[in-house]
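Since the structure comes first, as structure tokens, the remarks are kept for the end.
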Protein chains: 2
Amino acid sequence: MDLDRAAGRLRAGGRRVTAQRRAVLRALTELGCAADAEEIHGRARRMHPRIGLVTVYRTLEAFTAEGLAQSVFLGDGRTRYEATEQGRHHHHLVCLHCGRIATTDECTVQPLEGTILRRGFEVTAHRLELFGYCARCRTRR
Amino acid sequence: MDLDRAAGRLRAGGRRVTAQRRAVLRALTELGCAADAEEIHGRARRMHPRIGLVTVYRTLEAFTAEGLAQSVFLGDGRTRYEATEQGRHHHHLVCLHCGRIATTDECTVQPLEGTILRRGFEVTAHRLELFGYCARCRTRR
DNA sequence: GTTCTTGCAAACAATTTGCAAAACT
DNA sequence: AGTTTTGCAAATTGTTTGCAAGAAC
């Protein structure tokens with residue numbers, strides 16, 4: 001997500017572009033996928049040391065509302081976030097042993113959305129998470 | 001989930017069968033899908049008025065560990081639970097307007113699990129949630 | 001100048017933990 | 001009898017809110 005596009009989206013939503021928001025945006029892209037608020041806060045602080053955790057939460061809320069970020073739930077009791085990649089879309093593979101998170105670009109959900117639409121429900125988004133054991137953990141036990 | 005099978009599973013895991021656990025199990029099956037701890041507590045209290053919310057939490061943890069229940073995350077900040085139906089498997093359709101939750105038995109994820117396995121990751125479970133607008137909310141606005 | 005945003009402290013909500021009493025096997 | 005489970009109160013954790021000062025437009 002480049003800064004100009006993000007700034008434009010924020011302004012279009014009547015929101016302002018601040019140093020803190022730039023820091024959170026950069027933190028999000030640097031952290032890659034499924035980072036939690038604490039991690040984002042830590043990373044954003046490198047660029048803007050005085051940023052508070054509360055601001056990170058509020059910024060993530062604004063980003064989500066403007067489509068710049070999206071949330072992910074992996075069942076560990078915290079909300080995770082990642083920058084929205086325009087046109088792209090990925091899912092998470094969570095290793096139940098080491099906790100590492102991998103991703104996959106493949107998605108076989110679309111045909112399902114079709115059959116659901118035929119029942120009257122219009123799908124606008126979906127979330128898919130896969131759980132299991134990564135190559136490393138699978139061989140070492 | 002019938003009581004005998006559940007009781008067997010609990011005992012097999014070195015756990016005991018108590019009136020509270022029976023109440024939670026029944027609450028889970030009566031509530032259907034994606035009920036939160038508070039709802040389960042309320043329903044379980046009909047059968048066992050003295051049961052505490054804490055016991056519900058601990059019971060849900062035990063049930064999840066023994067495969068009798070499973071958790072669902074719909075992004076509203078609370079963990080939801082449902083009884084595991086042996087051999088069956090369903091996904092959730094969440095209406096973004098009215099919040100109602102529907103389900104679908106169809107699942108197109110399996111082929112994806114195959115290609116992921118070829119990369120070394122062994123998938124043992126997955127979660128899929130679909131978001132959008134239900135028939136009712138779609139027509140009325 | 002006006003309105004949105006930030007930071008801090010405090011409030012909240014969901015969930016977890018410590019411990020003695022009660023219940024299952 | 002021995003070990004697990006329960007209920008209560010209190011503690012934790014992740015997240016949100018109130019408000020005055022600061023920054024963007």
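Letters go in sequence order (proteins before strands), and every chain restarts at 1.
Looking at the side chain of B:Val17, the nearest of the listed nucleotides C:dT15, C:dA14, C:dT25 is C:dT25. Looking at the side chain of A:Ile51, the nearest of the listed nucleotides C:dC24, D:dA24, C:dG7 is C:dG7. Looking at the side chain of A:Thr18, the nearest of the listed nucleotides C:dT6, D:dA9, C:dA9 is C:dT6. In this structure, of D:dT15, C:dA14, C:dG7, it is D:dT15 that holds the atom nearest to the side chain of A:Arg78. For A:Arg50, the side-chain atoms get nearest to C:dC8 when compared with the rest of D:dC8, D:dT6, C:dC8. Nearest nucleotide to the side chain of A:Val54, out of D:dT16, D:dT6, C:dT15: D:dT16.
Along DNA chain D, the nucleotide nearest to B:Gly14 and the one nearest to B:His48 differ in position, and the one closer to the 5' end is contacted by B:Gly14. Residue-to-nucleotide proximity on DNA chain C shows that, of B:Gly77 and B:Arg11, the 5′-proximal contact is made by B:Gly77.
In this structure, B:Arg16 reaches the bases: a heavy-atom distance under 4.0 Å links it to at least one base atom across the strands shown. Nucleic acid contact for A:Arg58: base, since at least one base atom lies under 4.0 Å from a heavy atom of the residue. Residue-level contact check: A:Arg21 touches the backbone only, with heavy atoms under 4.0 Å from sugar-phosphate atoms and none from bases.
A straight line from CZ of A:Phe73 to C1' of D:dT15 spans 12 Å, rounded to a whole angstrom. Separating the CG atom of A:Asp36 from the P atom of D:dG14 is a distance of 8 Å, rounded to the nearest angstrom. Rounding to whole angstrom units, CD of residue B:Glu38 and P of C:dT16 are separated by 14 Å. Put simply, CG on B:Leu10 is 9 Å from P on D:dT5, counting in whole angstrom units. The distance between atom CZ of B:Arg15 and atom P of D:dT5, rounded to the nearest whole Å, is 6 Å. The separation between A:Arg22 atom CZ and C:dT6 atom C1' is 14 Å, rounded to whole Å. Between A:Glu61 atom CD and C:dC4 atom P there is a gap of 15 Å when expressed in whole angstrom units. Separating the CG atom of A:Leu53 from the P atom of D:dT15 is a distance of 9 Å, rounded to the nearest angstrom.
Put simply, A:Gln20 has no side-chain N or O that comes within less than 4.0 Å of OP1 or OP2 on D:dA23. An OP1 or OP2 oxygen of C:dG7 is reached within less than 4.0 angstrom by a side-chain nitrogen or oxygen of A:Thr55. Contact check, B:Thr59 against D:dT5: no side-chain N or O comes under 4.0 Å of OP1 or OP2. B:Tyr57 has a side-chain polar atom (N or O) that falls below the 4.0 Å cut-off from OP1 or OP2 of C:dT15.
Other residues, nucleotides and ligands contribute only 12 or fewer heavy atoms inside 6.0 Å of the CZ atom of B:Arg26. Other residues, nucleotides and ligands contribute at most 12 non-hydrogen atoms within 6.0 Å of the CD atom of B:Glu61.
Of all heavy-atom pairs spanning A:Cys134 and A:Cys98, the tightest one is SG-SG, 3.9 Å.
No side-chain donor from either of B:Arg127 and B:Gln70 sits under 3.5 Å from a side-chain acceptor of the other. A side-chain donor-acceptor contact under 3.5 Å links A:Glu106 and B:Thr115.
Taking the six-membered ring wherever Trp is involved, the centroid distance between the rings of B:His126 and B:His89 falls below 6.0 Å.
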